[in-house]
Amino acid sequence: MIDDQTQAAEELQQRLRQTVIVHDELPTEIRTVAGVDVAYEQNSNRLVAAVAVLDVASLQVIRIASYHGEATFPYIPGLFSFRELPAVLSALDQLPVKPDLLVCDGQGLAHPRRFGLACHLGVVTGIATIGCAKTRLIGEYEPLGADRGAYQSLVDEGAVVGRALRTQTGKNPVFVSVGHKVSLETATDWILRLTPTYRLPETTRAADQAVKALLRAPR
DNA sequence: GCGACAG
DNA sequence: ATCTTGTCGC
């Protein structure tokens, strides 16, 4: 017996998945790339969402936008976007200019209904997005090379839904998938460009750092 | 029925 | 996600 909330959420995913653009349709000139993340407070529903905008050339943070609020949806694998999207959208609203590309801390098409957080955020904002998760949700993949840049297709039900990509030699891979308006090939290139030193993209590292600092600071 | 299961 | 110190390894 799945409740109405779950039922409605899954139906919305089935409907919105039809609007996802899986080929390159990003701005001609990508000058800014942003990372988004959310942190939660223990023993409460308080949360903080942040968007960290980086300059593509220097990979330096040029702006941080945030939002403090309450979690309104539980964490359910497969329905993750319904928990984080509202707060993330509120944080994005604080930005005077939209970033050219968004990197999400979660899946894009590598989702049971092919509509993870990256796809959801992309279609509702119209911004090009990439999903880059630390762990896998669905799919299988063959062993990949140990060198940075090595990758293997993430396959689910016979379809390539993303890639297990090694961003740092000797470290565990990240899971890259199409979000919206970015092909898997281009998404892979961007993730490698955003991981010159660490396993995770500088964008998600900056957003993660911002969100944790804001959670501890007073409001 | 038994696991698996983004953050 | 969050609770958490030291510690093993390069």
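Order of the sequence lines fixes the chain letters, A, B, ..., with proteins taken first and strands second; residue numbering starts at 1 for each chain. Keep in mind that what you see is a predicted model, and the values were worked out from it rather than measured.
- For the residue pair A/E41 / A/S44, a side-chain donor-acceptor distance below 3.5 Å is found, with atom types taken as modelled.
- A/R216 has its CZ atom 12 Å from the P atom of C/dT2, to the nearest Å.
- Summarising the geometry, the separation between OH on A/Y40 and C1' on B/dA6 is reported as 11 Å, rounded to the nearest angstrom.
- Around the CD atom of A/Q18, the shell of radius 6.0 Å holds more than 12 heavy atoms that belong to other residues, nucleotides or ligands.
- Which of B/dA6, B/dA4, C/dT2 sits closest to the side chain of A/R136 comes down to B/dA4.
- Not one side-chain nitrogen or oxygen of A/K134 sits closer than 4.0 Å to the OP1 or OP2 atom of B/dA6.
- Taking atom CD on A/Q42 and atom C1' on C/dT4, their separation rounds to 12 Å, with Å as the unit.
- Of all nucleotides listed (B/dG7, B/dA6, C/dT2), C/dT2 comes nearest to the side chain of A/K212.
- Across the protein-nucleic acid pair, A/F175 atom CZ and B/dG7 atom C1' stand 15 Å apart, rounded to whole Å.
- In this structure, A/F80 atom CZ and B/dG7 atom P are separated by 7 Å, rounded to whole Å.
- A/A39 comes within 4.0 angstrom of the backbone, heavy atoms only, and of no base.
- The six-membered or imidazole ring of A/Y141 lies near that of A/F175, with a centre-to-centre distance under 6.0 Å.
- Residue-level contact check: A/G78 touches the bases, meaning some heavy atom is under 4.0 Å from a base atom.
- The CG atom of A/L121 sits 16 Å away from the P atom of B/dG7 (whole-angstrom rounding).
- In this structure, A/L154 atom CG and B/dC5 atom P are separated by 12 Å, rounded to whole Å.
- Checking the phosphate oxygens (OP1, OP2) of B/dG7, a side-chain nitrogen or oxygen of A/T135 falls inside 4.0 Å.
- A/F80 has its ring centre no less than 6.0 Å from the ring centre of A/H111.
- A distance of 10.5 Å separates OG1 in A/T167 from CG in A/L194, rounded to the nearest 0.5 Å.
- Spacing between atom CZ of A/R83 and atom P of C/dT2 amounts to 10 Å, rounded to whole angstrom units.
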